[in-house]
> 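A single structure is presented below for examination.
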Amino acid sequence: MDASHEDLHHPWGLTPEAARALQTRLAPRVERGDRFGPLERVAGVDVGFEQGGGITRAVVSVFSWPHLEPLEDAVARVPTAFPYVPGLLSFREIPAVLRALEGLQVPPDLLLCDGQGIAHPRRLGIAAHLGLITDLPSVGVGKSRLVGRHGEVGVLRGSTVPLADRGEVIGRVLRTRTGVRPVYVSTGHRVALDAACQLVLQAAPRYRLPEPIRRADRIASRRDGPRREAAVQKR
DNA sequence: GCGACAG
DNA sequence: ATCTTGTCGC
């Protein structure tokens, strides 16, 4: 029920072995059912790296819901302290994301993350991990597959096919745009798969990726440093 | 030992 | 993810 802070504020400077052990220990605490109220602010989360990868730049872009108007952006630049290791992405990106979240004027009601939720070897992809430690509802939206198998997805927008691994459905491959490569949607925390897919489809009315993630991605991968770090609209 | 492997 | 310019197509 509660996200007992202390033990959830675990250290990040771990060895890959210790990180995997921690994932196995935390995964059971991820809530796979729906537990979120009315949505007003939905945020997109993404990370980018600067020359050489020495600096991790995390971006959180908050949009109004359901109108999808940009409300606020928060950016954090942190020295990169963990390498990219398949399955351990959260240990590389979450520290910077947490800093960005701290910079928001108002916390969001939901997080749409660039990466997997429970569609992960130990069921703790970055979206699930981030949702768990912030206790915010979250959804994983991956641009490609990490684990799991699935059949062909219909060519029309809205088509889906289950993503399964070790005899369990861990996500859904969703076509957000007719004729365009589908995305991998999975439960992050407090958002079941059905709602997760509905939300992603609603958040992506025109492009392959949800609007909040697109904006965060654009800012995160911009060569030039971000201009305004917060307050898209001050009023 | 040989592939697979989010971003 | 990042290094990098233009190019083909709707």
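Every value quoted in this text rests on a predicted model; they were computed, and no experiment measured them. Only heavy atoms go into these numbers, but all of them, side chains included; no hydrogens, no water, no symmetry mates.
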> Reading DNA chain C in the 5' to 3' direction, which nucleotide is the first one with an atom under 4.0 Å from a heavy atom of chain A, and which is the last?
dA1(C) to dC3(C)
> Any stems for DNA chain C, made of 3 or more Watson-Crick or G-U pairs in a row, each with both distances under 3.5 Å?
none
> Under the rule for side chain to side chain contact (heavy atoms under 4.5 Å, CB included), what residues qualify as partners of Arg214(A), not counting sequence neighbours?
Tyr207(A), Leu209(A), Glu211(A)
> Are the side chain of Ser90(A) and the backbone N or O of Ile126(A) linked by a donor-acceptor pair below 3.5 Å?
no
> Heavy atoms only: give me the nearest Val200(A)-Pro210(A) pair and the separation to one decimal.
CG1-CG, 4.0 Å
> Reading nucleotides 1-7 of chain B 5' to 3', which nucleotides get B (base under 4.0 Å from a protein heavy atom), which S (sugar-phosphate only), which -?
---SBBB
> Once Watson-Crick and G-U wobble pairs under 3.5 Å are found, how is DNA chain B written in dot-bracket notation, 5' to 3', with | for any base paired to another strand?
.......
> How far apart are the C-alpha atoms of Arg145(A) and Asp165(A), what are their side-chain angles, what is the distance that settles it, and do they pass the salt bridge (charged side-chain N to carboxylate O under 4.0 Å, His left out) test?
CA-CA 12 Å; Arg145(A) 182 192 67 85; Asp165(A) 180 51; over 6 Å; no
> Side chains of His120(A) and His129(A), heavy atoms from C-beta outward: is any pair under 4.5 Å?
no
> Can you name the closest pair of heavy atoms from Leu110(A) and Ser138(A) and give their distance?
CD1-N, 4.0 Å
> Which heavy atom in Ala216(A) sits nearest to a heavy atom in Gly44(A), and how many Å separate them?
CB-O, 3.7 Å
> Identify the heavy atoms of Asp114(A) and Ile213(A) that sit nearest to each other, and give their distance.
N-CD1, 4.2 Å
> Nearest heavy-atom pair of Val75(A) and Ala100(A): which atoms, and what distance?
C-CB, 4.4 Å
> Please list, chain by chain and in numerical order, all residues satisfying side chain to side chain donor-acceptor pair (under 3.5 Å) with Glu40(A), sequence neighbours excluded.
none
> Please tell me whether Val183(A) and Val191(A) are part of a single hydrophobic cluster in this structure, the criterion being side-chain heavy atoms less than 4.5 Å apart.
yes
> Do His10(A) and Trp12(A) have ring centroids that are under 6.0 Å from one another?
yes
